[in-house]
Peer 1: 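Just dropping this structure here.
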Amino acid sequence: SVLASVSFAAGSELLTIGTHAFYQTALKSIAIPASVTDIRNYAFYKCASLATVTFAAGSGLLTIGAAAFRETALKSIAIPASVTDIGGYAFYSCSDLASVSFIASTDSATGITIGVNAFQLTALASVFIDEGQVIKNSSGNVITITIDDTGSSFFGSPTSTVIKINIPGPIIPAPIC
């Protein structure tokens with residue numbers, strides 16, 4: 001598809017970005033309105049030019065579906081505090097994706113559940129997580145994360161990925177190390 005840009009009206013009440021909504025379009029960037037609660041499976045799949053995704057302040061996003069951003073050109077992404085579920089293969093084969101920041105969950109008891117191989121075949125070099133942020137695997141088991149953890153894969157990422165824990169201070173993008 002030749003669709004290269006999308007904009008949403010101020011005060012948009014859009015709740016869901018549907019399955020395959022932007023499949024294989026030429027989008028380069030998109031700003032997701034705060035009203036969106038669900039990005040469905042494969043929503044941006046194979047958007048090979050999609051390098052920037054931003055979420056509006058006060059984002060109510062709860063779910064990033066399976067393979068939602070698979071095979072895009074994302075370089076970095078900040079996951080909103082409201083997100084509770086990231087589907088399997090959500091960022092699979094985003095070969096330029098080097099940085100992921102998790103804004104501290106608004107519900108630390110629930111935290112974020114991340115599906116299998118969500119970050120496989122990426123260039124993920126760093127993951128920024130605020131202290132106390134709960135990360136769970138698709139089985140619901142809490143993942144133990146240590147400061148400057150290296151040598152293990154983060155949901156399919158390269159084993160050289162460095163996990164940085166932000167200990168009280170500014171929230172993303174500048175971690176305190």
Peer 1: Measure the CD1-OG1 distance between Ile114 and Thr84 for me, rounded to the nearest 0.5 Å.
Peer 2: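 With rounding to 0.5 Å, CD1 (Ile114) is 11.5 Å from OG1 (Thr84).
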
Peer 1: Is there a continuous path of hydrophobic side-chain contacts, each under 4.5 Å between heavy atoms, that joins Ile32 to Ile64?
Peer 2: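 The answer is yes; both residues are in one hydrophobic cluster.
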
Peer 1: Taking all atoms of both residues into account, what is the closest heavy-atom pair of Ala73 and Ala48, and its distance?
Peer 2: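 In terms of heavy atoms, the two residues are closest at CB-O, 3.3 Å.
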
Peer 1: Using a 3.5 Å distance criterion without hydrogens, assess whether the side chain of Ser35 forms a donor-acceptor pair with backbone atoms of Ser12.
Peer 2: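 Yes.
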
Peer 1: Same cluster or not: are Ile30 and Leu15 linked, directly or through other Ile, Leu, Val, Met, Phe, Trp or Tyr residues, by side-chain heavy atoms under 4.5 angstrom apart?
Peer 2: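 Ile30 and Leu15: separate clusters.
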
Peer 1: Roughly how far apart are Ser49 OG and Gln24 CD, rounded to 0.5 Å?
Peer 2: 11.0 Å

Peer 1: Looking at CD1 of Ile86 and OG of Ser138, how far apart are the two atoms once the value is rounded to the nearest 0.5 Å?
Peer 2: 12.5 Å

Peer 1: List for me each residue that meets salt bridge (charged side-chain N to carboxylate O under 4.0 Å, His left out) alongside Asp38, sequence neighbours excluded, and say none if there are none.
Peer 2: Arg40

Peer 1: Quick check against the 3.5 Å criterion: does Asn137 have a side-chain atom that pairs as donor or acceptor with the backbone of Gly140?
Peer 2: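 Between the backbone of Gly140 and the side chain of Asn137 there is a qualifying donor-acceptor contact (under 3.5 Å).
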
Peer 1: Examine distances only and state if a side-chain atom of Ser59 and a backbone atom of Leu61 form a donor-acceptor pair shorter than 3.5 Å.
Peer 2: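 Yes, Ser59 side chain to Leu61 backbone: donor-acceptor pair under 3.5 Å.
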
Peer 1: Val83 versus Phe102: any side-chain heavy-atom pair under 4.5 Å?
Peer 2: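 No. Closest side-chain heavy atoms not under 4.5 Å.
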
Peer 1: Within this structure, what is the CZ-OG1 distance for the pair Phe91 and Thr122, rounded to the nearest 0.5 Å?
Peer 2: 10.0 Å

Peer 1: Would you say the side-chain atoms of Asp96 pair up with the backbone N or O of Lys75, donor to acceptor, closer than 3.5 Å?
Peer 2: no

Peer 1: Please round to the nearest 0.5 Å and tell me the distance separating atom CG of Leu50 and atom OG1 of Thr25.
Peer 2: 7.5 Å

Peer 1: Nearest 0.5 Å, what's the OG-CG distance between Ser76 and Leu97?
Peer 2: 7.5 Å

Peer 1: I'd like to know if Phe55 and Phe8 are part of one continuous hydrophobic network [Ile/Leu/Val/Met/Phe/Trp/Tyr, side-chain heavy atoms within less than 4.5 Å].
Peer 2: yes

Peer 1: Decide whether Tyr42 and Val6 are clustered together by the hydrophobic rule: side chain heavy atoms of Ile, Leu, Val, Met, Phe, Trp, Tyr closer than 4.5 Å, transitively.
Peer 2: no

Peer 1: Do Tyr89 and Val53 land in one hydrophobic cluster if side-chain heavy atoms of ILVMFWY residues count as linked below 4.5 Å?
Peer 2: no

Peer 1: For Phe22 and Phe44: C-alpha separation, side-chain torsions, deciding distance, then whether ring pair (Phe, Tyr, Trp, His ring centres under 6.0 Å) applies.
Peer 2: CA-CA 5 Å; Phe22 297 102; Phe44 297 95; 5.1 Å; yes

Peer 1: Counting N and O atoms only, with roles assigned by atom type, does the side chain of Thr63 sit under 3.5 Å from a partner on the main chain of Gly65, one being a donor and the other an acceptor?
Peer 2: no

Peer 1: Compare every heavy atom of Ala56 with every heavy atom of Ala34, then report the nearest pair and how far apart it is.
Peer 2: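 The answer is N-CB, 3.5 Å.
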
Peer 1: Contact between Lys136 and Val134 at the side-chain level, heavy atoms closer than 4.5 Å - yes or no?
Peer 2: yes

Peer 1: Could you tell me how the ring of Tyr23 sits relative to the ring of Tyr45: parallel (under 30°), tilted (30 to 60°) or perpendicular (over 60°)?
Peer 2: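 Answer is tilted, since the angle falls between 30° and 60°.
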
